[in-house]
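Lettering of chains follows the sequences in order, A, B, ..., and the numbering in each one begins at 1.
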Number of protein chains: 2
Amino acid sequence: MGTKQQITERISGLLRESKLSVTETRTKILELFMKSNGALEHSDFEKLAGQSFDRVTVYRTLQTFLDKGIIHKIPTTDTSVRYALCKSECSEHHHHDHHIHFKCEECGNTICLDETDVPQIQLPKGYAAHNVEVVVSGVCKSCK
Amino acid sequence: MGTKQQITERISGLLRESKLSVTETRTKILELFMKSNGALEHSDFEKLAGQSFDRVTVYRTLQTFLDKGIIHKIPTTDTSVRYALCKSECSEHHHHDHHIHFKCEECGNTICLDETDVPQIQLPKGYAAHNVEVVVSGVCKSCK
DNA sequence: TTTATTTTGCAACAATGTTGCAAAATTATG
DNA sequence: CATAATTTTGCAACATTGTTGCAAAATAAA
């Protein structure tokens, strides 16, 4: 993962590429994403290392990251919203989230399985598919 | 779909099978599910034909139906929760929702595609799959 | 360093979901 | 069919989650 220094520089670069000011809140939130390899939800951000950020700021920051293609949402069956970092192929105008998500029933973590292909779905006649979301639930590697 | 009378009887039977009292609220909500072939969200129920039901009653009714395996939830990327009727194979203890969902970007409707197979997903080693949720978004038959 | 722009935090609000409890409706029993 | 036991409903009050406007603070540009 690199040193703290390297990560901070990588984050600054990422923000500048997206034409966003490099601020403390944004840096901390991106750090958290990089540290955790799973998906995060809103509440994970408020109790952030040491200091606490305003709820409103967190909402706006996540929305900004979504708009710029830095993060993406993962579908859930409850009212929570989960976010994960996008891979480099994503950009503001072209989203490319073609990977599946795995939710562990034991630890509750949701992770992106980047190497697993999204299957081709044979839809009935008359339907046009633009995007396919797959969420598999079960037991993950670590909980087995 | 049968006459109004037949539908009412079918609903009563369904409720009694699940050991639930046959009440007006429950009947109306199940009628709405049967009339609409798509998935419904909470707000669809409150403005229900003629009369309006208490929000709390609707929440509790939907939760009860979920518990009994009469309806199931459909994953979304926002905070809304969508519900659809289960097929007959579902029961209180064994859920069998192996069908995919289609969300139309034009009309906003979500429907269950019962005939379309859920694909086999090849997970990385160490992962055990219990359930696979697939939501395809695009343009539906009617909106094309 | 100063100015212009962007971001943050607060307050206030809106929407959504939950809990306890008494009244009403439904079901079970004699 | 009438009454008792049980379940469900609706209200009030509250908790949680998400949104908007605006002035102060932080960041970027000159």
Ignoring hydrogens and angles, tell me if any N or O in the side chain of [X] forms a donor-acceptor pair with the backbone of [Y] under 3.5 Å.
X     : Y     : result
B:Q6  : B:T3  : yes
B:T61 : B:T57 : yes
B:D54 : B:V56 : yes

Using atom [atom1] of [X] as one end and atom [atom2] of [N] as the other, report the distance to the nearest whole Å.
X     : N      : atom1 : atom2 : answer
B:Q63 : D:dT9  : CD    : P     : 14 Å
A:I29 : C:dT7  : CD1   : P     : 13 Å
A:Y59 : C:dC13 : OH    : P     : 19 Å
A:D54 : D:dG21 : CG    : P     : 16 Å
B:F65 : D:dT8  : CZ    : P     : 10 Å
A:F45 : D:dT17 : CZ    : C1'   : 15 Å
A:L66 : D:dG18 : CG    : C1'   : 14 Å
A:Y83 : D:dT17 : OH    : P     : 12 Å

Give me each pair satisfying side chain to side chain donor-acceptor pair (under 3.5 Å) with a member in residues 135-144 of chain A, each pair once, sequence neighbours excluded.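 Pairs touching residues 135-144 of chain A that pass the test: none.
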
Compute the angle between the rotation axes at the two ends of the helix from C:dT1-D:dA30 to C:dG30-D:dC1, each taken over five pairs, rounded to 10 degrees. 40°

Between the protein and nucleotides 23-30 of chain D, list every N/O to N/O distance that falls short of 3.5 Å.
{"from": "D:dA28", "atom 1": "OP1", "to": "A:V22", "atom 2": "N", "distance (Å)": "2.8"}

Could you pull out all residues at least two apart from A:K19 that satisfy salt bridge (Lys or Arg N to Asp or Glu O under 4.0 Å)?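 A:K19: no salt bridge (Lys or Arg N to Asp or Glu O under 4.0 Å) contacts found.
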
Strictly by ring-ring contact (aromatic ring centres under 6.0 Å, His included), give each pair with a member in residues 2-31 of chain B just once, sequence neighbours left out. none

Which listed nucleotide ([options]) is nearest to the side chain of [X]?
X     : options               : value
B:V56 : D:dA12, C:dA11, C:dT8 : D:dA12
A:F53 : D:dG10, C:dG9, C:dT16 : C:dG9
B:V81 : C:dT8, D:dG18, C:dG17 : C:dG17
A:R26 : C:dT8, C:dG17, D:dG10 : C:dT8

Base of D:dG18 paired with side chain of A:R55 (donor-acceptor, under 3.5 Å):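 Result: at least one qualifying N/O pair found.
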
Salt bridge (charged side-chain N to carboxylate O under 4.0 Å, His left out): which pairs involve residues 74-84 of chain B, sequence neighbours left out? B:E41-B:R82

Of B:R60 and A:R60, whose closest DNA chain D nucleotide lies nearer the 5' terminus?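 Between the two, 5'-proximity favours B:R60.
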
Any side-chain heavy-atom pair from B:C140 and B:E105 closer than 4.5 angstrom? no

salt_bridge(B:K68, B:E17) N-O dist < 4.0 Å: no

